[in-house]
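What follows is one structure encoded as C-alpha cells, with my remarks underneath.
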Number of protein chains: 2
Amino acid sequence: MKPAEKSLPQAKTVDLGVAAWSAFLRTHATVVRRLERAVEAQTGLPLSWYDVLLELNAADERRLRMQPLAERVVLSRTRVSRLVDEMVGAGMVDKLPDPADRRATFAAITDRGRKALRTAAPVYLAGIEEHFSSHLRRKQLETIRDGLEQVLAAHHAAE
Amino acid sequence: MKPAEKSLPQAKTVDLGVAAWSAFLRTHATVVRRLERAVEAQTGLPLSWYDVLLELNAADERRLRMQPLAERVVLSRTRVSRLVDEMVGAGMVDKLPDPADRRATFAAITDRGRKALRTAAPVYLAGIEEHFSSHLRRKQLETIRDGLEQVLAAHHAAE
DNA sequence: GCAATACATGTGCGTCCGCACGCATCTTAC
DNA sequence: GTAAGATGCGTGCGGACGCACATGTATTGC
C-alpha cells in the first residue's frame, strides 16, 4: 500500500462518505417520488407549484422577481419562467412589471394562490412527516439539518 | 391553542422535520449538479452510466436482468432499457439472452466497460469527497448514513 | 450624451425521464 | 393440454428541465 499522503482521507473514511452519499441518493429518489404523488393526489398541486407559492407567500410584499424566485425554489430561471406562466393561466400568480426596472417582472401570489397554498400546506407538511421525518429521531433530524446546511454553506462560499 | 392530540407531532418537531427536508432538497440539487458535471467533464461518463457499470460490475457473474438493474440504479425499467442500449452502442455493455427465460435479457459489463469504470471510479470517489463528505464530520456522516437507511428501510417495509 | 457593457427575462431546442401500452414468454388452474 | 393470467421487456409519447441564444432595458466610462 502506498504511504499516506497529506490530507488524503483514509479508506474507511472514503467508504463512509460514499455510503452516506449512496443512502442520500436513494432516499431522495424514493421519498421525493412518494411525496410528490401524495401531495398532488390530495391537493391537485404539483410540488413545484407548491414551492413557488410558498416562496412567493413568504416573500416581502408577497412577490419576487424571476431570478430570486428561481434560486429559492432551486430551479433554473428558465424553468421558473414557464412555471410562472402556467400558474398565471391557473390564476394563482400574477406577473407584474417593476416600475423601477422595466426589464424585470414580479411574480406575485394571488388570492386564489394563497387559498390553494393554505389548502395544500397541511397536506404537504403531513407528507414530509409521514415519508421522511417520522422515521428519524429528533437528534438525527438536527444532525441532518445542520450537516447539510454546512455542505450548502460551503458550496455557496465556493460559489 | 388546541389541546395536543394523540401522536400528533408538536409544532417544533414539525418545523425541525421541514427544515431538515428543505436542507435535504437543496443539498441534493446543488451537489448532484456539481458532481455530475465534474465527473462527466473529467471522465466523459455520465453519472447514470457510471451507476450502471458499478452495479453490473458488483453483480454476480457481472450481469443483471433489466428490472433488478433498474432497482439498483434507482431508475425506471424503461429508462434503464434505453440506457443499456446506448451503452451497448458504446461497447461498454452486452445484452445477452437468458437461456432459462426467453423473455429476460441480461445486461453484462464488457472489458471496455470495466476499463471505463476503473478510470472513472477514483474521479467519482474524489468528487463525492470534494462536494459532499469533506464538509461533514465523521460523526455526522454516520448519522446521515444510518438515519437515511432507516428511512429507506421503512419505505421498503411499507412498500 | 452616447457607445459599450451588464443585466433581467423570454424562447427554440435537445436531453432525461417515466407512464401507458403492446408483444412475447412463462406459469397456473383445470 | 390449454386458456387465463402473470411477468419481462421494448417503444410511442408527452412532461420536466436547462442551455444557448435573442430581446429589451439599465448602467457605466468617457
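The figures that follow rest on heavy atoms only: side chains count, while hydrogens, waters and symmetry mates do not. Here is the naming used below: chain letters follow the sequence lines, and residue numbers restart at 1 for every chain.
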Open item on the list: A/Trp49: which residues meet the ring pair (Phe, Tyr, Trp, His ring centres under 6.0 Å) condition with it, sequence neighbours left out?
Closed with: none
Task: Residue whose closest nucleotide on DNA chain C lies nearer the 5' end, A/Arg37 versus A/Ala104 - done: A/Ala104
Open item on the list: Going by ring pair (Phe, Tyr, Trp, His ring centres under 6.0 Å), name the residues that satisfy it together with A/Tyr124, two or more places apart in sequence or in a different chain.
Closed with: A/Tyr50
Task: Gap between atom CZ of A/Arg118 and atom NZ of A/Lys115 - 0.5 Å precision - done: 6.5 Å
Open item on the list: What residues from residues 80-102 of chain A pass a heavy-atom cutoff of under 4.0 Å to DNA chain D?
Closed with: A/Arg82, A/Asp101, A/Arg102
Open item on the list: Who clusters with A/Leu96? Use side-chain heavy atoms, under 4.5 angstrom, across I, L, V, M, F, W and Y, and order the result by chain and number.
Closed with: A/Phe106
- [ ] Report the residues that fulfil side chain to side chain contact (heavy atoms under 4.5 Å, CB included) with B/Ser76, sequence neighbours left out, ordered by chain and then residue number.
- [x] B/Thr78, B/Arg79
TODO: Could you state the atom-to-atom distance from CZ of B/Arg33 to P of C/dT15 in whole Å?
DONE: 18 Å
TODO: Not counting sequence neighbours, list each pair that qualifies as a side chain to side chain donor-acceptor pair (under 3.5 Å) and has a residue in residues 20-33 of chain B.
DONE: A/His28-B/His28, A/Glu149-B/Arg26, B/Ser22-B/Arg26
TODO: Can you measure from CG (A/Leu16) to CD1 (B/Ile144) and round to the nearest 0.5 angstrom?
DONE: 9.5 Å
TODO: Check each residue of residues 61-78 of chain B for a non-hydrogen atom within less than 4.0 Å of any atom in DNA chain D, then write out the ones that pass by number, or none.
DONE: B/Arg65, B/Met66, B/Gln67, B/Arg77, B/Thr78
- [ ] Give the first and the last nucleotide of DNA chain D, reading 5' to 3', that has any atom under 4.0 Å from a heavy atom of chain B.
- [x] D/dA6 to D/dC19
Task: Axis-to-axis angle between the two ends of the helix from C/dG1-D/dC30 to C/dC30-D/dG1 (five base pairs per end, rounded to 10 degrees) - done: 20°
- [ ] May I ask you to decide if A/Arg77's main-chain N or O and A/Ser81's side chain share a donor-acceptor pair within less than 3.5 Å?
- [x] no
Open item on the list: Using a distance-only criterion (donor-acceptor N/O pair, under 3.5 Å, no hydrogens), is the base of C/dC16 paired with the side chain of B/Arg79?
Closed with: no
TODO: Inspect the contact between A/Glu142 and A/Arg138 and indicate whether a charged nitrogen and a carboxylate oxygen are less than 4.0 angstrom apart.
DONE: yes
TODO: Considering only Ile, Leu, Val, Met, Phe, Trp and Tyr, and joining two whenever side-chain heavy atoms are under 4.5 Å apart, list the other residues clustered with A/Leu152.
DONE: none
TODO: Enumerate the residue pairs fulfilling side chain to side chain donor-acceptor pair (under 3.5 Å) with a member in residues 54-67 of chain A, sequence neighbours excluded, ordered by first and then second residue.
DONE: A/Asn57-A/Arg62, A/Asn57-A/Arg114, A/Arg65-A/Asp98, A/Gln67-A/Glu71
Task: Residues which pass salt bridge (Lys or Arg N to Asp or Glu O under 4.0 Å) with A/Asp85, listed by chain and number, not counting sequence neighbours - done: A/Lys95
Task: Side chain B/Thr110, main chain B/Met92, donor-acceptor under 3.5 Å - done: yes
